[in-house]
Amino acid sequence: MYLTKEEEKILSGEYGPEYQKAMKALVKLGEAMGAEKLVSIVHAHISGISYRNIGDAGLEFIEELSKVRVKVFSTCNPAGFDLEHWRPLSIPEDFFKKQLRIINALSKMGVKITCTCTPYYIREPSFGEDLAWGESSAVLYANTVYGARTNREGGPSSLFAALIGKTPYIGMHLSENRKPRIIVDAEVSIDEQAYASTLGFVIGNIAKDRIPYVRTKPSLKGKLDLVKAMCAGMGTSSSLPMCIIENVSPEAENADLNYVEEKVHVGEYDLENYFSKYSYSGGFDTIFLGCPHLSLDEVISVWRILSKEKRRVKYPIFLAVSRKVYSKIPYNVLEELKKYGVTILRDTCLVVAPLNKMKISSVATNSIKHAYYLENIHRVKVRLCRTLECLKLALGADF
Ligand code: F3S
């Protein structure tokens, strides 16, 4: 792999062992993948920062690197709890302290403590810009909606890229790898998050690693919250880093369809299987909305529904948002949501939280990504349902 003189110096250890370690890892990765060089990035998003997921080994790894600073604008994925609201969540003291050490180490390196899976609400990528993002849903969203260029980085590789300000020039960074290889015609009433995320899951299952060109009826034009949900679902069932959506993706209009090898149709029926798979109907320890973290519009629409009911929820309900979105929620909305008994969570989600310690074993959610991981990682009983049904469940209303 070609390295500039400066990159050679970093590799030889001239700038210290931390940068050398990062450069060695990037070169090894690049060579394994056949990259001809490294490419400069403008934003690294570091995943794998919850103590629940990375444990002591991950904590030590990040602390070891924290003697040096990142070279580019860097943000981080959710942590194991809301950094300002952890006691009421029954987070054990030891877990709290170790998570805080991870946060402090990242902060020392110059990483912005955003703790969100929606880094595009922190800084919107531009078309054609090279990034190194961890977090599959965000990667799909960046490539698909903005036409930015990022591979699906892992926790360590996104951190190494942040330290060097570069990543191997492979995969999604190259135009030839962004061509669709399958066309998906979806005729589904994707009018809310549960259906949009499940449609994404179904498409991921069919496409596998082939970039899909997706035509939806009705169109997803202007419905970015639904596209966000769809990207999260697709990233859950496949290794896809992007899709091209007609009337949404900047690369849709000039997409080269010469490499398409299959055309499939997806209907309502293909989605229903998943709703019956996640159909737990006992009591719920909590209702969760916010996978990926909610936009301001999504928070407002939940508030609108609850403010029509004008009563407190009967079962705990969490809305997960980034700190940035939280800061934009109007004061009266925040106060009313609290009055109705809604807990707004920042910095975290149920998947990366220590659920067993929080005594949560049954959840209703509108996100198939959450349903999938809650069942597979946490062995939680799950109901996947529309946003409105989630709110009805929280209110204890009959169906
Ligand atoms: Fe975000 Fe957690 Fe979902 S990190 S994408 S809310 S599983």
Side-chain angles (χ1 to χ4, degrees), residues 45-54 58 75-83 89 99 102-103 106 113-122 133-145 150 152-155 158 193-194 196-198 200-201 204 224-241 278 286-295 298-299 302 317-326 343-355 358 360 363-378 380 382 384 387 390:
H45 179 69
I46 300 155
S47 58
I49 70 131
S50 164
Y51 179 67
R52 156 77 183 64
N53 293 1
I54 63 175
T75 49
C76 63
N77 229 28
F81 49 80
D82 183 327
L83 301 177
L89 299 175
Q99 180 67 73
I102 295 172
I103 296 293
L106 289 168
I113 304 305
T114 51
C115 295
T116 182
C117 45
T118 52
Y120 37 86
Y121 294 156
I122 309 293
W133 284 12
E135 173 48 46
S136 63
S137 66
V139 168
L140 267 141
Y141 196 83
N143 283 311
T144 301
V145 172
T150 172
R152 274 173 75 154
E153 302 287 349
S158 55
Q193 278 69 4
S197 74
T198 306
F201 195 93
L224 291 185
D225 286 329
L226 299 182
V227 173
K228 177 178 70 169
M230 192 167 131
C231 286
M234 207 177 292
T236 306
S237 61
S238 73
S239 58
L240 282 170
Y278 301 112
T286 193
I287 319 295
F288 179 87
L289 304 178
C291 173
H293 282 172
L294 301 171
S295 67
E298 289 174 304
V299 175
V302 169
I317 174 164
F318 290 125
L319 304 189
V321 296
S322 62
R323 282 176 179 271
K324 173 99 179 264
V325 165
Y326 184 87
T343 301
I344 307 220
L345 280 183
R346 288 155 298 183
D347 311 321
T348 191
C349 76
L350 297 187
V351 168
V352 298
L355 283 200
M358 293 161 73
I360 292 176
V363 176
T365 180
N366 64 354
S367 156
I368 199 165
K369 177 170 182 177
H370 241 60
Y372 179 88
Y373 287 117
L374 286 178
E375 189 182 86
N376 287 295
I377 299 178
H378 295 274
V380 158
V382 188
L384 171 66
T387 311
C390 286

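Counting starts at 1 for both ligands and their atoms, following the listed order.
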**Request:** Please could you name the atoms of ligand 1 that Gly290 approaches to less than 4.0 Å, counting only its heavy atoms?
**Result:** 6 (S)

**Item:** Polar side-chain atom of His378 near backbone of Tyr373 as donor-acceptor pair, under 3.5 Å
**Value:** no

**Request:** Report the C-alpha separation of Thr116 and Thr118 in whole Å, then their side-chain angles, then the decisive distance to 0.1 Å, and conclude whether the side chain to side chain donor-acceptor pair (under 3.5 Å) test is met.
**Result:** CA-CA 5 Å; Thr116 182; Thr118 52; 2.7 Å; yes

**Request:** Working to the nearest 0.5 Å, report the span between CZ of Phe318 and CG of Leu89.
**Result:** 5.5 Å

**Prompt:** Do you know how many protein N, O or S atoms are within a distance smaller than 2.8 Å of atom 2 (Fe) of ligand 1?
**Reply:** 1

**Message:** Working to the nearest 0.5 angstrom, can you tell me the gap between Cys291 SG and Lys228 NZ?
**Reply:** 9.5 Å

**Message:** Suppose I only count heavy atoms of Ser137 and a 4.0 Å limit; which atoms of ligand 1 are within that range?
**Reply:** 5 (S)

**Message:** So if I count the atoms of ligand 1 from 1 in the order they appear, which ones are less than 4.0 Å from some heavy atom of Glu135?
**Reply:** 5 (S)

**Request:** Determine, using heavy atoms of Ser136 and all atoms of ligand 1, whether some pair is separated by less than 4.0 Å.
**Result:** no

**Item:** Between CD1 on residue Ile368 and OH on residue Tyr278, distance to nearest 0.5 Å
**Value:** 5.5 Å

**Message:** Between Gln193 and Asn366, is there a side-chain donor-acceptor contact under 3.5 Å, judged purely by atom types and distance?
**Reply:** no

**From OG (Ser367) to OH (Tyr372), nearest 0.5 Å** = 13.0 Å

**Message:** Among His293, Arg323, Gln99, exactly one meets side chain to side chain donor-acceptor pair (under 3.5 Å) together with Asp347. Which residue is that?
**Reply:** Arg323

